[in-house]
Amino acid sequence: MNANDLRDKTVDELRDVLANMKKESFNLRFQQATGQLENTAGIKAARRNAARVKTILNEKAAAAATE
């Protein structure tokens, strides 16, 4: 996910994206625990994407607080 694309989304859309990222992260961790995960780099990417969404949500919250 690109941060510029995420900044164009609304807060509700970002929350939905974050929920999907957390589900994806859970599924990847579950696959790793059962030995079914082939691409271990996906876990790192999912964590980073979730962090990216959280950062943009915090930026939007800070901008709303200053207005």
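Worth saying up front: this structure is predicted, and the values here are computed from it rather than measured.
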Would you give me the side-chain donor-acceptor pairs under 3.5 Å for residues 24-37, sequence neighbours excluded?
from	atom 1	to	atom 2	distance (Å)
N27	ND2	K23	O	3.3
T34	OG1	F30	O	3.2
T34	OG1	Q31	O	3.1

Side chains of residues 5-16: which donor-acceptor pairs under 3.5 Å do they make with residues two or more places apart or in other chains?
from	atom 1	to	atom 2	distance (Å)
R7	NE	E59	OE1	3.2
R7	NH2	E59	OE1	3.4
R7	NH2	E59	OE2	3.4
T10	OG1	E13	N	3.3
E13	OE1	T10	N	3.0

Donor-acceptor pairs under 3.5 Å, side chain of residues 41-54 to any protein atom, not counting sequence neighbours: which ones?
from	atom 1	to	atom 2	distance (Å)
N49	OD1	R52	NH1	2.7
N49	ND2	A45	O	3.3
R52	NH1	M1	O	3.3

